[in-house]
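Taking it in order: structure first as structure tokens, then the write-up.
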Amino acid sequence: MKHHLIYTRDTQDWQRFVSRYPALAQHSSHYPLLCIEEQALTPPDINFLKTADYLVFTSQHAVEHLVNQYTPSTEQYCIAIGQRTEAALSQSIPNTPIETAPPPYNSEALIESWWPDAKRIAIIGAPGGRTLLLESLGKRNHTQFISTYTRQCRQHHSQLPYQPDKFNIIMITSGSSLKCLVEITPQKKLKLLQYQAIMACISPRLAELARKSGFQQVFSASQANEDTLVSAIAAWRPPFSGTMEYINEQ
């Protein structure tokens with residue numbers, strides 16, 4: 001049985017994916033689950049940003065939609081969750097000090113390695129995201145979550161491109177995309193996905209969330225970035241014979 005990847009990120013990410021992994025893209029379908037929209041900063045948001053010691057960016061979208069509305073000062077430290085977030089920061093605000101969460105580049109790694117005390121910390125992302133950061137850092141610091149964009153469930157006119165004669169691997173890169181997949185899938189088909197689809201999650205935290213959502217076949221990347229997730233997809237094997245050599249491109 002052959003494999004079929006359902007790529008769920010937005011069009012810009014899909015284009016990068018096709019360019020980087022052309023052979024895998026031939027066996028993939030693009031089905032974006034979320035719409036990203038900029039959210040205007042409120043006056044309290046701006047006031048907190050101006051006085052913050054640290055700005056923690058949870059995604060590249062957080063960077064993009066903040067710098068459209070606010071420019072961090074060179075005295076503020078910016079911290080990136082993820083390597084793509086770091087790259088976006090380096091490009092957007094190159095004169096500001098930037099640090100990155102250590103491997104595997106996620107929130108948990110940052111919390112284990114960073115212990116600020118009595119600091120003002122702005123955590124920048126989408127509503128409902130990175131609550132672990134807010135709760136953990138808030139124990140000894142003044143923290144505030146700043147929403148710079150929203151993730152809305154995309155309304156599709158077509159159904160999920162599930163191919164029943166293949167192993168369907170669904171890429172999941174955020175809790176919002178997983179929630180959206182569950183919400184837009186009719187109940188009868190959701191049961192099918194929960195038992196037959198293979199959920200490729202970008203982090204162990206998301207993998208655990210997928211299992212709690214009823215999905216039976218779940219695996220995750222060792223580091224929270226797409227290239228590592230693609231490597232994990234390449235390493236995945238079905239319970240019986242099957243190979244995915246065409247995926248393992250660089």
Side-chain angles (χ1 to χ4, degrees), residues 9 13 34 36-151 173-177 202-206 208-209 221-229:
R9 302 184 99 168
D13 290 321
L34 301 173
I36 305 296
E37 297 180 359
E38 187 163 290
Q39 181 168 312
L41 295 174
T42 65
D45 288 338
I46 295 174
N47 289 336
F48 192 89
L49 286 167
K50 288 180 178 179
T51 60
D53 300 298
Y54 295 94
L55 308 181
V56 180
F57 292 86
T58 62
S59 71
Q60 64 185 68
H61 293 298
V63 177
E64 174 187 348
H65 296 294
L66 180 84
V67 298
N68 286 344
Q69 306 178 71
Y70 173 81
T71 302
S73 75
T74 56
E75 297 179 355
Q76 292 178 308
Y77 282 86
C78 294
I79 298 177
I81 303 295
Q83 293 167 298
R84 294 177 73 178
T85 308
E86 178 188 23
L89 277 171
S90 298
Q91 182 177 1
S92 300
I93 45 176
N95 297 322
T96 299
I98 299 170
E99 297 181 10
T100 306
Y105 309 106
N106 56 21
S107 300
E108 291 83 352
L110 178 64
I111 291 168
E112 291 178 2
S113 62
W114 186 45
W115 306 283
D117 186 37
K119 300 296 184 182
R120 293 175 64 83
I121 303 173
I123 301 169
I124 302 161
R130 306 293 177 174
T131 55
L132 177 64
L133 282 174
L134 191 65
E135 294 169 0
S136 298
L137 295 176
K139 294 177 181 178
R140 302 182 64 176
N141 302 275
H142 184 188
T143 58
Q144 182 167 319
F145 196 91
I146 307 291
S147 299
T148 59
Y149 68 101
T150 60
R151 293 178 290 201
T173 57
S174 71
S176 296
S177 61
I202 204 165
S203 71
R205 178 181 58 85
L206 277 178
E208 182 61 25
L209 187 59
S222 60
Q223 297 181 358
N225 64 70
E226 184 173 297
D227 293 329
T228 305
L229 180 56

[X] side-chain N/O to [Y] backbone N/O, donor-acceptor pair under 3.5 Å:
X	Y	value
Asn141	Pro116	yes
Thr71	Val67	no
Glu37	Thr150	no
Thr58	Ile124	yes
Glu75	Thr96	no
Ser177	Ser174	yes
Thr51	Phe48	yes
Tyr70	Leu49	yes

Let me see the working for His142 and Ile121 under side chain to side chain contact (heavy atoms under 4.5 Å, CB included), right down to the final yes or no. CA-CA 6 Å; His142 184 188; Ile121 303 173; over 6 Å; no
Ignoring hydrogens, what is the shortest heavy-atom contact between [X] and [Y]? Give both atom names and the distance.
X	Y	result
Gly138	Thr143	CA-OG1, 3.6 Å
Ala62	Gly125	CB-CA, 4.0 Å
Leu66	Pro72	CD2-CG, 4.4 Å

Under the criterion side chain to side chain contact (heavy atoms under 4.5 Å, CB included), I'd like the reasoning laid out for Thr85 against Val63: C-alpha separation, chi angles, the key distance, then a yes or no. CA-CA 7 Å; Thr85 308; Val63 177; 3.9 Å; yes
Any heavy-atom pair between the side chains of [Y] and [X] that's under 4.5 Å?
X	Y	result
His61	Glu64	yes
Phe57	Leu89	yes
Gln39	Thr148	no

Say you draw a straight line from [atom1] of [X] to [atom2] of [Y]; how long is it, rounded to the nearest 0.5 Å?
X	Y	atom1	atom2	answer
Gln144	Ile123	CD	CD1	10.0 Å
Leu206	Thr173	CG	OG1	7.5 Å
Asn106	Ser203	CG	OG	6.5 Å
Gln76	Asp53	CD	CG	8.0 Å
Ser222	Tyr105	OG	OH	10.0 Å
Glu108	Leu133	CD	CG	8.0 Å

Walk me through whether Gln69 and Glu38 qualify under side chain to side chain contact (heavy atoms under 4.5 Å, CB included). CA-CA 10 Å; Gln69 306 178 71; Glu38 187 163 290; 3.7 Å; yes
Is atom OH of Tyr77 surrounded by more than 12 heavy atoms (other residues, nucleotides or ligands) closer than 6.0 Å? no
CD/Gln91: more than 12 non-hydrogen atoms of other groups inside 6.0 Å: no
Does Ile93 form a side chain to side chain contact (heavy atoms under 4.5 Å, CB included) with Cys78? I'd like the steps, not just the answer. CA-CA 9 Å; Ile93 45 176; Cys78 294; 3.7 Å; yes
Distance-only donor-acceptor pairs under 3.5 Å for side chains of residues 97-104, two or more places apart:
{"unit_1": "Thr100", "atom_1": "OG1", "unit_2": "Glu86", "atom_2": "OE1", "d": "3.4"}
{"unit_1": "Thr100", "atom_1": "OG1", "unit_2": "Glu86", "atom_2": "OE2", "d": "3.1"}

After noting the C-alpha distance and the side-chain angles of Asp13 and Arg84, does the key distance pass the salt bridge (Lys or Arg N to Asp or Glu O under 4.0 Å) rule? CA-CA 11 Å; Asp13 290 321; Arg84 294 177 73 178; 2.5 Å; yes
Parallel, tilted or perpendicular: which one describes the rings of Trp114 and Tyr54, with boundaries at 30° and 60°?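 Judged by the thresholds at 30° and 60°, the geometry between Trp114 and Tyr54 is perpendicular.
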